[in-house]
Q: 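Questions regarding the structure given below will be posed in turn.
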Amino acid sequence: MPELPEVQTILDALFPQIIDQPIIDVSVLWEGVIDRPETTLFIAWMKNRRVVSTDRRGKYMLFELDDGRWLVMHLRMTGEMRVIPNSDPYHKHDRLVFHLANGRDWRFKDMRKFGRAYLVEDVQEVIFKLGPEPLSADFSVAHLQKSLAARTAPIKSLLLDQRLVAGIGNIYADEALFRARLHPLRQGGSLSAAEVGRLVEAIQAVIQQALSEMGTTLRDYRRPDGSTGEFQNSLLVFRRTGEPCPSCGTPISRIVVSGRSTHFCSKEQH
DNA sequence: AAGAGACCCTGGATGC
DNA sequence: TGCATCCAGGGTCTCT
């Protein structure tokens with residue numbers, strides 16, 4: 001499941017392979033991958049363009065084209081990006097291919113078909129709801145405290161809401177809550193200023209570390225060169241149900257919050 | 001308005 | 001062994 005660190009890692013590896021390379025043709029292998037505009041227009045607008053810069057907001061990848069439009073892509077659950085020779089046979093799950101002028105293909109593969117591509121004049125059309133980047137100055141204790149005020153939903157659910165803070169998914173929400181020693185079912189508005197401070201620090205620390213370890217590979221996530229991330233070796237609670245808490249030895253608990261599996265230490269997190 | 005739940009998808013794991 | 005069912009979860013939509 002690509003979250004902020006995985007998306008950034010993929011984008012960084014992709015950048016030197018696609019930058020300034022003319023896209024001479026586009027193959028849409030599954031039409032549902034195109035969100036907007038309609039497929040024929042999408043292909044026409046992408047053809048003969050090149051990516052002049054890349055950026056990331058939350059879990060969205062942003063590719064600026066030489067005509068000023070933006071290609072926005074979201075990998076959702078199982079999306080993968082590779083740049084490989086165009087002679088390689090397509091994989092069963094390849095959904096979208098940009099054929100580059102240098103004889104290589106920039107391919108988007110996505111087993112579960114949740115990933116989407118958007119081609120827009122202004123990225124705000126797609127990402128206007130996103131909250132601040134967790135590593136930016138905008139994501140302050142004051143900001144989070146204000147966002148959580150009077151909220152009754154579990155803090156775990158609120159961390160997954162991209163309008164509060166962008167880029168956190170199920171893995172890093174659980175890991176951050178453990179590091180902050182906060183129970184996932186705590187109502188958002190019940191957190192004290194000190195607790196919000198711990199949470200901001202924990203989120204930033206876990207995202208920083210996951211970035212430096214190139215993300216977390218549990219099953220599907222791969223870097224564009226096919227290699228895995230490393231942060232799965234640093235997980236303290238996620239998918240460690242029944243294993244001893246690294247801090248106190250209590251078996252890690254698993255509950256379901258907002259339909260998402262949630263892992264925590266019932267003794268350490270309050 | 002906020003919160004809960006359905007839905008979209010596939011394939012690996014599990015159960016009988 | 002083979003088939004059916006469950007589960008994974010990001011984002012959007014609907015309903016209350």
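Per chain, numbering begins at 1; letters A, B, ... match sequence-line order. A quick note: this is a predicted structure, and the numbers were derived from the prediction, not measured.
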Q: Are OP1 or OP2 of C:dA8 and a side-chain N or O of A:R254 less than 4.0 angstrom apart?
A: yes
Q: Just the rounded figure in Å: distance from P of C:dG11 to NZ of A:K113.
A: 21 Å
Q: Starting at atom CD of A:Q187, determine the distance to atom P of B:dA2, rounded to an integer number of angstrom.
A: 15 Å
Q: Looking at A:K92, does any N or O in its side chain come under 4.0 Å of the phosphate oxygens OP1/OP2 on B:dG11?
A: yes
Q: Return no unless some side-chain N or O of A:H93 is found under 4.0 Å from OP1 or OP2 of B:dC9.
A: no
Q: With respect to the phosphate group of C:dG11, does any side-chain polar atom (N or O) of A:H74 fall under 4.0 Å of OP1 or OP2?
A: yes
Q: If you compare every side-chain N and O of A:R151 against the phosphate oxygens of B:dG3 (OP1, OP2), does one of them come in below 4.0 Å?
A: yes
Q: May I ask you to establish whether A:R240 and A:F238 are in a cation-pi arrangement, using a distance under 6.0 Å from NZ or CZ to the six-membered ring centre and at most 45° from the ring axis?
A: no
Q: Determine whether the side chains of A:R181 and A:Q269 contain a donor N or O and an acceptor N or O closer than 3.5 Å.
A: no
Q: Would one find a side-chain N or O of A:S157 under 4.0 angstrom from OP1 or OP2 of B:dG3?
A: no
Q: Going by an N to O cut-off under 4.0 Å, is there a salt bridge joining A:D66 and A:R49?
A: yes
Q: Between A:D67 and A:W45, what is the shortest heavy-atom contact and its length?
A: OD2-O, 4.4 Å
Q: Distance check, P atoms only: C:dT1 and B:dG11, in whole angstrom units.
A: 22 Å
Q: Determine the interatomic distance between P on B:dG5 and the same-named atom on C:dC7; round to the nearest Å.
A: 15 Å
Q: If the cut-off is 4.0 Å, is A:Q162 near the phosphate of C:dG11, judged by side-chain N/O to OP1 or OP2?
A: yes
